Amino acid sequence: MEIILEGVSKKYNRTWIFRDLTYKFEKGESYAILGNNGSGKSTLLQIISGFQSPSKGEIYYSDEKKIGPDDFFRHFSLAAPYMELPDEFTLNEMIHFHSKFKKTRFSVNEIIEKLELVKEKDKEIKDFSSGMKQRLKLGLALFFDS
């Protein structure tokens, strides 16, 4: 998948976090986004993933054909500490729910085993430790097609 940023900018209140960012992320390549604290790394990832809108500019997604912003989530995964999970779901329910939007590479039980959370499969996510929540976020990103 290619992700093309054209003049993307983000402003909070009166402060520009970044301005006029134009870049093309190409399919099959790996990227690292580096910068000081507060430089906009997480904000940029949230904008690329559709969790936030840019203040200015456009983002285009294509995978041999143009992908609309409303369908982008099927092709992209992001695991980040600031992302929230639905607290009232159990682990089992969360994985089943996620599989309605993305194809899974494994069965629900195999995913739970790979996450090493078998004993917690019927536990509500609100009762997970922060490490268990992070492990679940990584599993949702890695064990589903995107």
Side-chain angles (χ1 to χ4, degrees), residues 1-12 17-18 21-146:
M1 169 184 293
E2 289 183 341
I3 302 171
I4 302 163
L5 309 177
E6 289 184 0
V8 172
S9 302
K10 184 62 178 179
K11 182 179 186 180
Y12 286 114
I17 305 302
F18 50 82
L21 181 58
T22 298
Y23 195 80
K24 182 177 181 180
F25 295 94
E26 296 190 29
K27 183 177 185 172
E29 297 295 323
S30 297
Y31 297 91
I33 299 174
L34 307 172
N36 295 330
N37 290 346
S39 63
K41 301 178 299 292
S42 295
T43 300
L44 175 62
L45 288 174
Q46 287 181 29
I47 289 171
I48 289 171
S49 63
F51 287 103
Q52 281 194 43
S53 298
S55 302
K56 225 173 95 174
E58 297 290 330
I59 303 175
Y60 303 98
Y61 312 98
S62 67
D63 192 14
E64 299 176 20
K65 64 180 172 114
K66 189 174 180 181
I67 298 168
D70 293 340
D71 197 38
F72 176 65
F73 72 92
R74 295 183 193 279
H75 303 269
F76 189 84
S77 292
L78 177 66
Y82 51 79
M83 288 178 47
E84 295 298 323
L85 295 166
D87 281 343
E88 64 277 0
F89 280 18
T90 65
L91 172 61
N92 196 34
E93 291 169 337
M94 183 66 220
I95 294 172
H96 275 308
F97 178 74
H98 198 74
S99 68
K100 291 181 181 184
F101 302 100
K102 293 185 180 184
K103 291 180 183 176
T104 177
R105 297 177 182 177
F106 306 97
S107 73
V108 171
N109 287 334
E110 287 174 318
I111 292 172
I112 291 171
E113 286 174 20
K114 289 179 182 302
L115 293 173
E116 298 181 6
L117 294 171
V118 175
K119 291 179 183 174
E120 289 80 9
K121 89 177 203 179
D122 295 316
K123 189 175 188 178
E124 289 186 348
I125 294 172
K126 70 180 178 187
D127 297 324
F128 279 22
S129 69
S130 60
M132 290 164 65
K133 288 179 182 179
Q134 194 64 12
R135 194 178 327 166
L136 173 55
K137 291 175 199 177
L138 287 169
L140 294 175
L142 296 173
F143 298 138
F144 288 81
D145 275 343
S146 59

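We count residues from 1, following the sequence as given. Here the structure is a predicted model, which is why all the values come from computation and not from measurement.
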What pairs with [X] under salt bridge (Lys or Arg N to Asp or Glu O under 4.0 Å), at least two apart in sequence or on another chain?
X      : value
Glu2   : Lys24
Lys126 : Glu124
Lys114 : none

[X] versus [Y]: any side-chain heavy-atom pair under 4.5 Å?
X      : Y      : answer
Ile48  : Val8   : no
Lys133 : Ile125 : yes
Leu5   : Ile59  : yes
Lys137 : Gln134 : yes
Ile47  : Phe18  : yes
Leu117 : Lys123 : no

Can you measure from [atom1] ([X]) to [atom2] ([Y]) and round to the nearest 0.5 angstrom?
X      : Y      : atom1 : atom2 : value
Ile17  : Leu44  : CD1   : CG    : 11.5 Å
Tyr60  : Ile4   : OH    : CD1   : 8.5 Å
Leu136 : Leu91  : CG    : CG    : 6.0 Å
Arg135 : Leu142 : CZ    : CG    : 13.0 Å

Does [X] have any side-chain contact (heavy atoms from CB on, under 4.5 Å) partners at least two apart in sequence or in another chain, and if so, which?
X      : result
Lys27  : Asp63, Glu64
Ser107 : Asn109, Glu110
Ser55  : Lys10, Lys11, Trp16
Glu113 : Val118

With sequence neighbours left out, what residues match Phe144 under ring pair (Phe, Tyr, Trp, His ring centres under 6.0 Å)?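 Checked Phe144 against ring pair (Phe, Tyr, Trp, His ring centres under 6.0 Å); matches are His98.
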Could you pull out all donor-acceptor pairs under 3.5 Å where a side-chain atom in residues 29-36 meets a protein atom, sequence neighbours excluded?
unit_1, atom_1, unit_2, atom_2, d
Tyr31, OH, Glu26, N, 2.8

| Should the heavy atoms of other residues, nucleotides or ligands under 6.0 Å from CZ of Phe97 be counted, would the total exceed 12? | no
task: For Glu116, look at atom CD and say whether over 12 heavy atoms of other residues, nucleotides or ligands are found less than 6.0 Å away.
output: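 At most 12 heavy atoms, drawn from other residues, nucleotides or ligands, come within 6.0 Å of this atom.
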In short, ring pair (Phe, Tyr, Trp, His ring centres under 6.0 Å) pairs touching residues 106-130 with sequence neighbours left out are Phe106-Phe143
* To do: Please collect all salt bridge (charged side-chain N to carboxylate O under 4.0 Å, His left out) contacts where either partner lies in residues 43-55, sequence neighbours excluded, each pair once.
  =>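 Residue pairs passing salt bridge (charged side-chain N to carboxylate O under 4.0 Å, His left out), neighbours aside: none found.
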Contacts satisfying salt bridge (charged side-chain N to carboxylate O under 4.0 Å, His left out) that involve residues 47-59 (not counting sequence neighbours) are Asp20-Lys56
Item checked: Residue pair Met94, Leu140: steps toward the side chain to side chain contact (heavy atoms under 4.5 Å, CB included) verdict -> CA-CA 9 Å; Met94 183 66 220; Leu140 294 175; 4.0 Å; yes
